[in-house]
Structure formats: C-alpha cells, structure tokens
Amino acid sequence: MTTIQALIVCFLAAAVLTSCDTVQNPSVNPVVDTPFSFDLPPIEGVGNLKISITEAEETFFEADIDGLRQVAMPSANIRSGWSLFPELDLSTGNSLYSNVTLFTTQGNSKWDKVNYLLNVRQDLIKSVPQLTRLEVQAAIWTLSPHLNFDYLNPELKTLIPAMVQSGMPAYDTTLVTEVVDHVEANYRGYDFDEFSVYGVIVRGGSDSYGLMLESSLYKIEMVNLEETAGLSIAWDINDHGQIVGGNKFWDREMGTVDMGNIFARAINNDGTVAGSQGSKLMLWSPSSGLSQYQMPAGNQIEVYDINNRGEIVGEMVSEHMVYEDEYGSYYDYEFYGFVWDNSQNLKEITRNGWSSGINDMGMVVGLDYTIPNRAYKWDEQRGLRGLGTYSGYSSGRPNAVNNSGDVVGSILVSSQAAAMESGELQGIRQIKSADRLLRATGMQGSYHPAHVAEMLIQGSFSSVASSVGKPDASHSEQTISQNDLYANASSQSEAFLWNEEGGITRIGTLGGDWSTAWDINDYGQIVGYSSVSAGISKAFIWTEEFGMKELPDFGGNSLARSMNDDGEVIGYSYDESGSFVPVKWTVVWNGF
C-alpha cells in the first residue's frame, strides 16, 4: 500500500469534561475490572454529565453528551467513539453512563499510533473504499498500548459479536495489515498540533466502560457545490442548509432548482429568496415561485439581505451621464440604502450609501458616505447612527449583523478615507470613483464593492470576472485604470466585530496585510477571507475563544461568504488550475 497523506482537514484538541449523573438501566452498562492503569491525565472541568452511546456507521459508536457547558454549535455534543476492549459489547441498546471521568491521550507518546490513526482514518477510507469501521476497530486494538491483540489469530469467543461472522473474524485481515503497516511507517513523522484529534478514554471510578471518544475542537468537511449541487456560485445559506446563488436554489430534498430571471443574494429560514433584476426587486419561494416588484426610484437595485420577517435591505442606484468623449461615457451615481417589507412598504435609510445587512429585530447596518467612519446602524425607533471610529482606521464597511446586534465587516485605511473623515468633498468623490469602476464592470451583481476592490488590488479581479461571466475591467465603456483604483481604494483593511459593549474590535488576519468579515451567525462566529501573503488570500472562520482559523481549500485563493447556525459555511475556492469552485464547508464543533 502506498503512503497515504495525513489528514489535512483541521482539528483542535479537546479541553474540558468530567462526571455524569445516574444510570437509567444498569444492566446495559457492564463494568470491567481493569488490572492495568492507563496512566493518563483526567480532563478537568464541568460535572453532572450524561453520556448515551449507540452504534454508528462510520465509527463504532456515537456518543451523545448531555450537560456540557454552553457549546459553540448545536451538534457539538455528538462525538465519535471506538471500543477499547475486544470482549466488551457496548452495543446493546442505548447505554447511559454515569460517574464518568475522562482521560486524554493527548501528548502521551504511547498513544501516538492510535492518535495518528484517528487523524488519518477518513483519508484511509477514501483511499481504500473497501476499508470499513471493522478494520479500523481491529487496527485500534492492535495499536493500543494497553492490549496485546492478535488480529490475525484472535480468540473469537472474546470478540464482541459485531466483529465475528460465521465463526470467522468479520473484518478483512489483509486490510487491517495495510492499515497497521501504514501507521507503523508514518506515525513518527506526524506533526501533532493544536488541530489534531486525540483519543479520550471514558472511565467510571477505577473501572472503564471500554469507550474511547475522538476529541477535537472542530472538524471541517469541504464539498464542491458545482459537483454536488450543480451551482456555479453560492451566495447565502439558511439554517436549514438551503443555498442560493445567481438564479439557482438548492435543497437537500428538492435538489437544484432554476428560479428564473433573478440574481439571488439572500435567503431566510422560510426559504424565501430575495434578489433583483434591473430595477425590480425579485422574490422566490418553493411554494409560490417567482414574483417581482418595481422599485419607485433608481435605474438598478441590488439586494443584500433578507431577515426571517421577510424584510429586505439593499440599495437603489440612480445613474446620470456627466459627459461623453472619445473614451466613452462617464456617469455619476447616487446610491440609496433601503429596507423593504413584505407589505411593500419602502423606507429610505440613506441617500448616500447602501444597506448591507438586517437582523430579525429590524436592525439594519450599512455604509453612508456622509457620516464619520461611514459605518452605520439603523432601526425604526432611533434612526441612523454611526458605529463610531477606531484608532488608526478611518473608514468602515459593515457587511452583516446577527440577532444579538453584533456587526461585522472591514475597517479600511486610506488617505481619501481620512479626507472623508474630515468632511472634504474631494475625499467623497475619490471614494465614489472606485465604486463607479466596479459598477461599470458589471461585477456588482456578483460581489460586494469592498470585496471587488480588494480583489482588484490583489490582481485577481480578471479571473473572477471571467469565472462568473462578467466583463473584464479593461473592456468597460467607462475607462478607469487600475492605477486610478490604487489611488482611490484602500489597499489595507482589517475585519472587525462591533457590539454595544466593546465598540469596534479588530479580529486580525491570517498573517497578511488585510482581512474582511462577511457574515456572523447567532453564536458569534464570523467568516470571511484574509490575505496570507502577497497575492494569496484564504477563507477563515473566527471565534472569540480560538481566534481566526483558515478553512481548507481546493488549492487556490478562497473566500467564505455566509454561515448558518449549524456550522455550514458557503463561499468559493479556486483550484490548482485556477478554476472557480463554489464551496460548502461544514464545521462540526467539538469543544468541551
């Protein structure tokens, strides 16, 4: 068997867990006297936990832990598990454990072989489709330091029933040999770090329940949405996992649906999709199909968000030709930020910017060129208010707000933004000229102006425009050189989080000069993208406890655009050949 690459997907070591309550049915919770000592440190933390286990398909058991401290995701209490003892059958019904102490194998070199296998098992199974949980379980027993298990000649009467079939081992000994040989050959070179998976042993007092859990902060699965869902672009995802982008809607049961003449940018939990087509606001739902509403002002509208009450925010754009010469037509633009409800009531929030996000309480965030720092919040009761300023940063672009009122976006540094701060008209005009360039290229229907500006500066605009069928900047009627863009758009930004208590807080980068936050869910987790080095940008996820972490990709630059409360993130990645790939990342949080 050739060497199988170590698992690339991120994992982070577990932290805290301890004891449980009472046992509902002691007869299904056998306890085994263990003459050996695991000699492992306990994981300290909260008590009063209950662990219920059932058989699983990919691993041997699935453990549901009740009583954890507040978790980062709803699925965080579900853990994968394996059997520690060949003779101990834990599969008889729902086993509820009590008086539990957990011991971590993290950092113990005796368990390096087992822990290495836990980290690469998914890659092994993908590489060898015939490999099942049975072979992995036999390999774990073989590699465990507390056993002397001979998988080639096991004592069948001591094996749990799932591992025996027709008087023979149920597992393929040839495949077990390949797994064990791979581990023996590669575990010494594996770099166990903060992302790694470690075994956690469940014990009750001086006895062991025979269960080992896979422990990590989180694991991330990545899929190509073009291959799995037929999407060419992915813009938003709701809490039911429904995805929209362009004129396509995807649902687990319905599959991919063509919604018609709409460019969709947002979806709420009712499955209502909001988008636009020219000067018309477009709505679509699985039950009622497509409907359209002519907006009362503007040559074009852009829809950016919809909340669960059906309220929509975006901008109306009015264009006025200033002059025409041999280089083409030159237009001036006015931007109107708005909120629209399903009773067709339209409220104008700003006449000099746009509205980017809205939460379920009707709080709107966006950009207004005429207020300090440009970043604003708005609600029906208090009207338009600025988010405030941050030392050294003079321009903010909010992109999203959650139901706690937390706002994310980017704060920018530029000389014209400083002029804007002092109220100079020339500063306003310079900033607007960058936005005019973006509109002239037709990219406003696919990416937010702040995003496109940063891509232009990083040199990746042309390939993005090509990948979504938009014209290149060099072919625009309105000719503004990239040098003009350098002069008029910030080359540095940093993702921020704002709340009432702390104001604007920078959340850092992935090591490069800039970052942008695009969405925040109701758990306070943020997604976006950040430069890593010159010309290289990567999607990230950020949490208050663990900071900014890079999401995996298909080999090129990537961006995370939207995240729901179930840990599903959508965005894009380029592959190694430079092709554009819409992506969904699923983040399963396991922090104790």
Side-chain angles (χ1 to χ4, degrees), residues 7-15 70-76 193-197 216-225 234-239 241 243 357 398-404 406-410 448 451 454 493-499 505-512 514-532 536-574 581-592:
L7 189 61
I8 300 173
V9 178
C10 298
F11 294 98
L12 194 59
Q70 186 175 4
V71 295
M73 284 290 174
S75 58
D193 58 20
E194 61 177 356
F195 302 124
S196 300
V197 181
S216 61
L217 173 65
Y218 59 82
K219 61 181 178 181
I220 303 173
E221 299 174 354
M222 178 178 63
V223 297
N224 182 329
L225 288 174
W235 192 274
D236 198 14
I237 184 169
N238 66 14
D239 288 339
I243 302 172
N399 290 325
V401 57
N402 68 8
N403 285 328
S404 298
D406 301 327
V407 182
V408 296
S410 60
H448 194 286
H451 173 203
E454 287 162 355
S493 71
E494 189 162 343
F496 77 82
L497 167 66
W498 177 93
N499 55 41
T505 301
R506 298 159 55 190
I507 65 171
T509 73
L510 290 174
W514 56 266
S515 60
T516 296
W518 281 102
D519 200 12
I520 181 169
N521 67 10
D522 287 338
Y523 290 96
Q525 291 146 2
I526 301 170
V527 294
Y529 78 140
S530 168
S531 64
V532 176
I536 300 176
S537 57
K538 300 294 183 180
F540 71 75
I541 184 169
W542 180 94
T543 64
E544 182 177 7
E545 186 174 3
F546 300 104
M548 188 177 291
K549 301 297 180 184
E550 183 178 325
L551 293 171
D553 55 62
F554 285 102
N557 288 353
S558 59
L559 177 146
R561 175 178 292 127
S562 175
M563 183 179 191
N564 66 16
D565 286 343
D566 279 336
E568 295 176 306
V569 182
I570 54 99
Y572 72 78
S573 169
Y574 290 98
V581 181
V583 175
K584 182 177 80 169
W585 296 272
T586 301
V587 184
V588 180
W589 293 85
N590 288 330
F592 288 128

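Remember, it's a predicted structure, so these values are computed and weren't measured experimentally.
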Where Ala560 and Val527 come nearest, the two heavy atoms and their spacing = CB-CB, 3.7 Å
Okay, side chain of Ser493, backbone of Ser515: is any donor-acceptor separation there less than 3.5 Å?
-> yes
Test item: Ile526 and Phe540 side chains (from C-beta on) under 4.5 Å apart, heavy atoms = yes
Approximate separation, where rounding is to 0.5 Å, of Ile570 CD1 and Leu559 CG = 9.0 Å
Asp406: salt bridge (charged side-chain N to carboxylate O under 4.0 Å, His left out) partners, not counting sequence neighbours = none
Do Trp542 and Leu497 touch side chain to side chain, with heavy atoms closer than 4.5 Å?
-> yes
Hey, is the main chain of Ser537 close enough, under 3.5 Å, to the side chain of Asn557 for a donor-acceptor pair?
-> yes
Which value, rounded to the nearest 0.5 Å, describes the distance between Leu510 atom CG and Glu550 atom CD?
-> 5.5 Å
side-chain hydrogen bond (donor to acceptor under 3.5 Å, both in side chains) filter on Asp239, not counting sequence neighbours, yields Asn269
Ser573 and Gly555 have their tightest heavy-atom pair at OG-N, 4.3 Å
Ignoring hydrogens and geometry, is there a side-chain-to-backbone donor-acceptor pair from Trp585 to Pro552 under 3.5 Å?
-> yes
Any side-chain heavy atom of Met222 sitting closer than 4.5 Å to one from Leu551?
-> no
Sequence-distant partners of Ser530, side-chain hydrogen bond (donor to acceptor under 3.5 Å, both in side chains), two or more places apart = none
Strictly under 6.0 Å, is that where the ring centroids of Trp235 and Tyr572 end up?
-> no
Measure from the side-chain N and O atoms of Asp519 to the backbone N and O of Met563, and report whether any donor-acceptor pair falls under 3.5 Å.
-> yes
Heavy-atom donor-acceptor pair, Ser531 side chain to Trp514 backbone, under 3.5 Å = yes
Gap between atom CG of Asp236 and atom CZ of Arg561 - 0.5 Å precision | 9.5 Å
Out of curiosity, Asp566 CG to Thr586 OG1, how far, rounded to the nearest 0.5 Å?
-> 9.5 Å
Point-to-point distance, once rounded to the nearest 0.5 Å, from CG of Asn238 to CD of Glu568 | 9.0 Å
Of the non-hydrogen atoms in Ala234 and Pro582, which two are nearest, and what is the gap between them?
-> N-CB, 4.2 Å
Donor-acceptor under 3.5 Å (Glu494 side chain, Gly508 main chain) = yes
Heavy-atom donor-acceptor pair, Asn402 side chain to Asn521 backbone, under 3.5 Å | yes
Report the residues that fulfil side-chain hydrogen bond (donor to acceptor under 3.5 Å, both in side chains) with Asn224, sequence neighbours left out, ordered by chain and then residue number.
-> none
What distance do Thr516 atom OG1 and Tyr529 atom OH have between them, rounded to the nearest 0.5 Å?
-> 5.0 Å
